[in-house]
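Both counts, for ligands and for their atoms, begin at 1 and track the order of listing. For the numbers below, each heavy atom of this structure counts, side chains included, while hydrogens, waters and symmetry mates do not.
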Amino acid sequence: MTTQAVPSFCLAGRDFALVIEADAAGMPVWRHVGARVMGAALPWRLADAMPPASFSLDARPALSPVPTFGTGWFGSPALLAHRDGGDFAQGFDACHFEWVDKPGHLRLTLTDSVAQIRLEQDVRLDPACDVAKLSARLINTGDSSLDVQWLASGTIPLPSTGDSEAMRVRYPIGRHNHEWAMQDEPLGKGIWSRENRRGLTSHDAFPGAIVMMPGGTAQSGPCFSAQLAWSGNHAQSIGWCDEGFHVWQSGMLLAPGEGRLAPGETLETPEWWLTFSREGSDGAAQNFHGAVRGAMRWPQGGMKPRPVHINSWEGFYFDHDEARLKRLADDAARLGVERFVLDDGWFHRRNDDRAGLGDWWPDAAKYPAGLGPLADHVRGLGMEFGLWVEPEMVNPDSDLYRAHPDWALQISGRAPITARNQLVLDLANPQVSDYLFERLDALLRDLPIAYLKWDHNRDLAHAAGPDGRARYRRQVAAVYRLLDRLIDAHPHVEIEACAGGGGRIDAGIVQRSHRFWTSDCIDATARIAMQRGFLGFMPPEIMGAHVGASPAHATGRAHDMAWRCAVALPGHFGVEMNPATLSADERTVLADWIAFYKAQRSRLHAGRVWCGDAGDGLAWQAHGDDDDLLLIVYRLSPTCQRMPPPVRLPMLDKDAQYDVQLIRETGSPGYGQPDAPAFAAMRATPLAVAGDYLAQIGLAIPMMHAESAAIYAIRRRAA
Ligand code: DGJ
């Protein structure tokens with residue numbers, strides 16, 4: 001056993017640490033990923049604590065941050081590559097450890113002199129939010145081409161617990177109109193894996209997951225969470241390793257041939273964001289909210305209060321009539337709306353979803369004088385003007401396609417595969433991206449546009465360039481470049497990322513956008529679970545949340561106005577319907593909630609978010625900090641108890657006193673339900689309640705109808 005100090009590298013944050021050891025051969029091995037440890041003084045080498053196991057290699061490898069294939073590691077490798085069938089096995093023979101920025105950014109430069117590759121693995125940790133970012137860069141140093149099948153952004157061990165059944169993985173599945181349906185499963189001893197080949201992030205396989213460690217809950221206990229900052233094909237897996245722990249890995253998924261590297265060429269992965277919290281899944285979510293907030297680029301360098309939207313889509317669809325849309329603007333302004341977004345249907349020959357994509361100029365029949373008069377009308381009412389675009393797409397029935405049929409991604413000899421009657425443009429072709437830049441740039445220069453809703457309404461198939469080779473990966477990089485170029489040219493413009501609702505929500509596109517359209521399903525009751533799934537990875541201020549029509553277009557379910565407003569409240573609030581169809585009473589209720597949102601948005605969007613379930617059909621969500629909270633209690637289904645369960649708020653300071661006031665309920669107080677004196681008292685004036693009472697015994701909840709909300713303000717009392 002070695003007696004000298006074990007060389008190691010520790011990245012430590014608030015609660016999270018990652019430790020890499022240099023083994024006896026100078027190669028990196030993971031020593032720890034998880035709860036914070038103080039620095040890197042290791043008492044023994046990992047190898048010295050690995051008892052020989054029968055039927056094992058004489059030198060059994062430990063888990064490297066970059067495990068390779070064919071040289072002794074039998075688990076999932078971070079790299080799969082070959083040279084015309086040869087060099088299929090990689091094993092690094094040298095590693096240079098370098099602090100690019102001590103102690104937050106470590107780079108491992110690994111070389112394999114036999115397979116002739118160099119691989120740089122970066123590990124960064126932002127201690128302010130406890131989010132690590134792992135990424136890899138592979139360089140072909142040989143003199144023939146190297147075919148890469150798989151290059152993980154990162155590979156980590158999860159701490160060994162001895163009880164893998166008690167470790168649970170939570171992850172979203174879904175579809176268009178029903179995103180963020182969270183699943184919860186024990187990890188067990190197999191491989192949990194998720195893959196996406198739809199060419200964009202996808203509605204069904206968000207590139208992230210949460211791992212609840214034994215004892216972890218929503219508000220307490222150990223929890224890991226990760227997400228890939230990438231808007232294309234991806235894969236992630238958590239596999240049991242018979243050394244006694246799980247290995248988590250994530251990266252972009254390469255189509256056949258996409259990873260071919262000519263001599264000297266480099267393949268770079270997206271960043272894999274990873275966090276750990278002792279404060280449960282809400283703590284991990286909070287870390288991600290911090291990382292996303294830190295990575296976003298806002299006009300003027302900072303986020304302004306999120307303006308209330310009106311969006312024309314569900315109220316008008318393709319039926320654009322300038323006079324009616326001006327009336328929409330008038331009605332919206334009266335309600336207190338601050339930004340008017342003209343959705344699909346405004347451009348050349350766009351009367352339905354069969355034609356027009358690609359021809360990005362106003363339709364002369366609908367807008368004889370262009371969009372200027374409508375935009376000026378909107379601005380004259382004191383609102384910002386926003387416009388919908390779907391730049392990556394083309395309809396075969398468009399002037400653009402007729403002039404440049406070769407600009408669409410396609411495979412020669414195969415009939416094009418359309419979806420929503422559209423094809424995908426080959427953005428990696430500079431002529432295509434220049435055309436799109438010029439069209440969008442002209443719109444942004446000619447019109448007072450403050451906001452673009454950037455949509456993407458189909459999955460990618462036949463994603464080949466003219467050389468017949470797959471271009472999924474290059475497409476994503478080209479979209480990022482186009483967005484970056486537009487943002488550089490028009491830094492005052494905010495961008496909403498939409499892909500048929502939530503098909504492109506990820507930490508890659510968020511670095512070049514300012515809002516997500518969470519889902520095309522605006523049914524308030526269905527939205528609650530979706531929003532909570534979203535908030536596990538993204539902050540509330542970028543969660544597009546609209547008050548839609550009743551019945552909801554996506555589900556046919558009817559809801560009263562106040563319920564729809566209460567559900568949209570915590571996100572970036574908007575309205576998506578024609579207010580002219582509302583009764584005077586409904587308009588009053590909507591205007592009142594818009595005013596309430598404006599009064600609360602700084603609290604809703606600046607601090608933390610906690611999400612819990614009290615049982616018996618009650619879900620709660622708290623926004624703010626433990627000094628000043630807005631608590632929204634949603635009753636989803638009818639109670640089967642004579643007295644509803646209390647809502648426990650474990651994040652509150654148990655030694656503090658709080659003022660608790662019931663400030664808003666959907667419907668009138670009591671809402672036709674039997675009332676009780678405590679609620680009447682809490683409505684009238686703030687009630688002093690001890691923090692430990694609220695944390696351990698819980699806040700009393702009034703009798704509520706199904707699909708109604710109660711909102712409390714909870715403030716720490718000055719000592
Ligand atoms: C899908 C989006 O999610 C909708 O909000 C709307 O913009 C339509 N596309 C327009 O075609």
For this session: Taking the six-membered ring for Trp and the single ring otherwise, decide whether the centroids of Tyr171 and Phe206 are under 6.0 Å apart.
Result: no
Problem set entry | Protein contact of atom 6 (C) of ligand 1 - nearest heavy atom, named by residue and atom, plus distance | Asp343 OD1, 3.4 Å
For this session: Identify the protein heavy atom lying closest to atom 3 (O) of ligand 1, giving its residue, its atom name and the separation to 0.1 Å.
Result: Asp520 OD1, 2.4 Å
Exercise. Does Asn421 reach the main-chain N or O of Asp353 with its side chain, forming a donor-acceptor pair under 3.5 Å?
Worked result: yes
For this session: Output yes when the distance from some N or O of ligand 1 to some N or O of Ala499 is under 3.5 Å, and no in every other case.
Result: no
Problem set entry | Per atom 8 (C) of ligand 1, closest listed option by heavy atom (Tyr317, Trp454, Trp313) | Trp313
Exercise. Hey, which atoms in ligand 1 end up nearer than 4.0 Å to a heavy atom of Asn457?
Worked result: 1 (C), 9 (N)
For this session: Determine, using heavy atoms of Lys453 and all atoms of ligand 1, whether some pair is separated by less than 4.0 Å.
Result: yes
Problem set entry | Atoms in ligand 1 flagged as close to Trp517, the criterion being non-hydrogen separation under 4.0 Å | 3 (O), 5 (O)
Exercise. Taking NZ, NE, NH1 and NH2 as the nitrogens, is one of them in Asp321 or Lys366 under 4.0 Å from a carboxylate oxygen of the other?
Worked result: no
For this session: Assess Arg420 for proximity to ligand 1: is some non-hydrogen atom of it under 4.0 Å away?
Result: yes
Exercise. Any idea which atoms of ligand 1 are less than 4.0 Å away from a heavy-atom of Gly501?
Worked result: 3 (O)
Problem set entry | salt_bridge(Asp319, Arg324) N-O dist < 4.0 Å | yes
Exercise. What are the atoms of ligand 1, with element, lying closer than 4.0 Å to any heavy atom of Cys498?
Worked result: 2 (C), 3 (O)
Exercise. More than 12 heavy atoms of other residues, nucleotides or ligands under 6.0 Å from CZ of Arg485: is that the case?
Worked result: yes
Problem set entry | Tyr317/Trp313 aromatic ring centres below 6.0 Å | yes
Problem set entry | CA sep, side-chain torsions, deciding dist, call: His546, Trp517, ring pair (Phe, Tyr, Trp, His ring centres under 6.0 Å) | CA-CA 9 Å; His546 291 179; Trp517 181 222; 4.2 Å; yes
Exercise. Is it true that the side chains of Glu322 and Tyr367 contain a donor and an acceptor less than 3.5 Å apart?
Worked result: no
Exercise. What protein heavy atom sits nearest atom 9 (N) of ligand 1, and how far off is it?
Worked result: Asp455 OD2, 2.7 Å
For this session: Please report which non-hydrogen protein atom sits nearest to atom 11 (O) of ligand 1, along with the residue it belongs to and the distance in Å to one decimal place.
Result: Asp344 OD2, 2.6 Å
